[in-house]
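Here's the structure we're looking at; comments come further down.
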Amino acid sequence: MVKVTNKIDWIGIKDWDLRLFHGHELSTFKGSTYNSYVIRDEKTVLVDTVWLPHADEYMETLENEVGIDNIDYIIINHMEPDHGGTLGKIMEKRPDLPIYCSIKGEETIKAYFHKEWDLRPMKTGDTLNIGENTITFVEMRMIHWPDSMLLYIDKEKTVLSSDAFGQHLCTKSLFNDEVDECVLYQEAIKYYANILTPFSKLIKKKLVEITALNLDIEVIAPAHGVIWRDNPMQIVKAYAKWSDDYHEEFAVILFDSMYDSTRKIALALEEGMGEAGKKVKIFNASITDLSDMLTELYKADTIMIGSSTVNNGVLASIEIILHEIKGHKLGGKDFLAFGSYGWSGESPKHIHQKLLDAKLNPLADPISVFYNPTKQDLLEIKKLAKSLVK
Ligand code: FEO
């Protein structure tokens, strides 16, 4: 256990080994933590649990440090199994325990466990007095699931924010003032880009609602990664920016190439934009981590995507990224599609159409090159890239 405030302890799991999450969807090169908290007031309250593979270690610590019989209430901020997974094990020992959750949480917990437990759904603004402290419940629908919820513990001046403001980051220290700030920023924005971008509109609205409550906040303790206790509002301000059509002034060029023709187009685009003063990041999609690419695509203001044509379509690495761009609602950015072909030539048109469908803005018609680009082709492409920057 780790002391967070006078009456709140962290009782989570540090998962140093985690490298893939959400099935195999998300890379977590720096591990993660599953943050469960205990509030020890006149009532003892357990907030969230951990992912089931870590249940034995967690249950042992919970028994030794808190005593499962000493828990008065359990609050499930979010039933996704990385947080709610061990609830069943606790309830086997304490089937009488009242479970506080959101209104959607009641439905989710029932759908996961199919048990007749004492579920107490709370809506935004509802409170629970536990002694010196009163807990205020705030629904956080779709941040990250419909059931998500945030807690404010008033005398501790602490927000337990569930998935919001988290990072997949496992470090020796659990506090933001004791870890590498650059790594923390990178993991926080990667987490936002990969998990929360589809819900940016809701997040923007929710931040306005929470800010209007004028809460006195000294600590923001998320469900993953480090706890914000030094200038905790910095992450709220970052979310305000990230949820508001965020972009930085650079272009991402993403390509996959069978025999280097599409690669040559990508490099000509890079050269042209670079000479015109545009910052460019270039990735070969077939050998770059998908979650890291998605983070860069989220940050960029311009996206250029290219693929060779194969089987009347694009290479698989490009099809996946097109799917992710739409799913993550990265619309509003400028784009250009490109690619080479030998006979049917659908790839650039396919990329162009998919990015239009994802509500990105075309900079020009797709660039399509027959087999191998000539020097003249590459000069023309470079010239086009320059003109697009201007
Ligand atoms: Fe960390 Fe949405 O669960």
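Note: L46 CG to I90 CD1 = 5.0 Å, rounded to the nearest 0.5 Å. To the nearest 0.5 angstrom, K206 atom NZ is 4.5 Å from T124 atom OG1. I130 CD1 to D154 CG: the interatomic distance, rounded to the nearest 0.5 Å, is 8.5 Å. In this structure, OG on S307 lies 11.0 Å from CD on E346, to the nearest 0.5 angstrom. Note that CG of L128 is 9.5 Å distant from OG1 of T136, once rounded to the nearest 0.5 Å. Residue I367 holds its CD1 atom at 11.5 Å from NE2 of H352, rounded to the nearest 0.5 Å.
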*Evaluation steps, side-chain contact (heavy atoms from CB on, under 4.5 Å), between I135 and Y152*: CA-CA 6 Å; I135 300 172; Y152 178 63; over 6 Å; no
_Pair F137-T127, side-chain contact (heavy atoms from CB on, under 4.5 Å): steps then yes or no_ = CA-CA 6 Å; F137 296 77; T127 57; 5.7 Å; no
*Take D82 and H22 through the test side-chain hydrogen bond (donor to acceptor under 3.5 Å, both in side chains) and record every step on the way to the result.*
CA-CA 9 Å; D82 52 329; H22 283 166; 5.6 Å; no
*asked:* One pair to check against side-chain contact (heavy atoms from CB on, under 4.5 Å): V314 and I351. What are the steps and the verdict?
replied: CA-CA 8 Å; V314 294; I351 296 168; 3.7 Å; yes
*Does the side-chain contact (heavy atoms from CB on, under 4.5 Å) test come out yes or no for E324 and L290, once each step is laid out?*
CA-CA 9 Å; E324 294 288 347; L290 180 61; 4.1 Å; yes
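In summary, D41 and K7 do not engage in a salt bridge, as defined by a charged side-chain N under 4.0 Å from a carboxylate O. Salt bridge annotation for E92-K115: absent, with no cationic side-chain nitrogen under 4.0 angstrom from a carboxylate oxygen. A salt bridge links E106 with K110; the closest basic N to acidic carboxylate O contact falls under 4.0 Å. Comment: K201 does not engage D245 in a salt bridge, judged by the lack of any side-chain N to carboxylate O separation of less than 4.0 angstrom. A salt bridge links D96 to R94: at least one charged side-chain nitrogen sits closer than 4.0 Å to a carboxylate oxygen. A salt bridge links K382 to E275: one of the charged nitrogens lies within less than 4.0 Å of a carboxylate oxygen. Salt-bridge formation is not detected for the pair D17/R19: no Lys NZ or Arg NE/NH1/NH2 atom is positioned less than 4.0 Å from an Asp or Glu carboxylate oxygen. Here E132 does not pair with K155 in a salt bridge; the nearest charged N to carboxylate O distance is not below 4.0 Å. The pair K326-D357 does not meet the salt-bridge criterion, since no charged nitrogen lies less than 4.0 angstrom from a carboxylate oxygen.
Using the six-membered ring where Trp is involved, Y192 and Y298 have ring planes that are tilted, between 30° and 60° apart.
Between D48 and H78, the side chains place no donor N or O within less than 3.5 Å of an acceptor N or O (distance only, hydrogens not considered). Side-chain contact of D256 with S308: a donor-acceptor pair under 3.5 Å is absent, judged by distance alone. Judged purely by distance below 3.5 Å, without hydrogens or angles, the side chains of T262 and S340 pair a donor atom with an acceptor atom. In this model, no donor atom of one side chain and acceptor atom of the other lie less than 3.5 Å apart for D230 and N176. Counted by atom type alone, H350 and N312 present zero donor-acceptor pairs between their side chains at under 3.5 Å. Residues H144 and E80 have side chains that bring a donor and an acceptor to within less than 3.5 angstrom of each other. Checked by atom type, the side-chain pair E156/N133 shows a donor-acceptor distance below 3.5 Å. One side chain, K264 or N372, offers a donor N or O that lies under 3.5 Å from an acceptor on the other. Defined by atom type and a distance below 3.5 Å, a donor-acceptor pair is missing between the side-chain atoms of D15 and S32. Between the side chains of K30 and T171, no donor N or O sits under 3.5 Å from an acceptor N or O. Donor-acceptor pairing under 3.5 Å is lacking for the side chains of Y185 and E187. No donor-acceptor contact under 3.5 angstrom links the side chains of D301 and H247, judged on distance only.
By the rule that hydrophobic residues join a cluster once side-chain heavy atoms approach within less than 4.5 Å of another member, Y34 and Y191 end up as members of one cluster. Tracing side-chain contacts under 4.5 Å through hydrophobic residues (I, L, V, M, F, W, Y), one never reaches L87 starting from M122; they form parts of separate clusters. Hydrophobic clustering of Ile, Leu, Val, Met, Phe, Trp and Tyr side chains at less than 4.5 Å, counting indirect connections, keeps L297 apart from F338. In the hydrophobic clustering of ILVMFWY residues, with side-chain heavy atoms under 4.5 Å counting as a link, V2 and L169 come out apart. Y73 and L119 fall into different hydrophobic clusters, where Ile, Leu, Val, Met, Phe, Trp and Tyr side chains are chained together by heavy-atom contacts under 4.5 Å.
For D56, the CG atom sits in a loose shell: 12 or fewer heavy atoms of surrounding residues, nucleotides or ligands are nearer than 6.0 Å. Sparse packing is recorded around NZ of K89, with 12 or fewer heavy atoms of other residues, nucleotides or ligands lying under 6.0 Å away. For K172, the NZ atom is loosely surrounded, since the number of other residues' heavy atoms within 6.0 Å does not exceed 12. Under a cut-off of 6.0 angstrom, the local environment of CD in E249 is sparse, with at most 12 non-hydrogen atoms contributed by other residues, nucleotides or ligands. For K299, the NZ atom is densely surrounded, since the number of other residues' heavy atoms within 6.0 Å is greater than 12.
Contact between K241 and Y246 at its shortest, heavy atoms only, is O-CB, 3.5 Å. The two residues K14 and S173 come nearest to each other via the heavy atoms NZ-N, 4.4 Å. S243 and S200 make their closest contact through CB-O, 3.6 Å (heavy atoms, listed as atom of the first residue, atom of the second, distance).
Among residues at least two apart or in separate chains, side-chain hydrogen bond (donor to acceptor under 3.5 Å, both in side chains) pairs with a member in residues 58-68 are S36-Y58.
Formation of a donor-acceptor pair under 3.5 Å by the D163 side chain with backbone atoms of I143 is not found in this model. Between the side chain of T33 and the backbone N or O of G225 there is at least one donor-acceptor pair closer than 3.5 Å. Although no hydrogens or angles enter the test, the distance criterion places a donor-acceptor pair under 3.5 Å between the side chain of S102 and the main chain of D147. Between the side chain of S261 and the main chain of S257, no donor-acceptor pair closer than 3.5 Å is present. With hydrogens and angles ignored, the 3.5 Å screen pairs a side-chain donor or acceptor of T49 with a backbone N or O of T86. In this structure, Q167 contributes its side chain and V226 its backbone to a donor-acceptor pair below 3.5 Å.
A centroid separation of 6.0 Å or more is found between the aromatic rings of H323 and H328. Between W228 and Y239, the distance separating the two ring centers is not shorter than 6.0 angstrom.
Remark: K281 is positioned above the aromatic ring of F250, its terminal NZ or CZ atom under 6.0 angstrom from the ring centre and at most 45 degrees off the axis.
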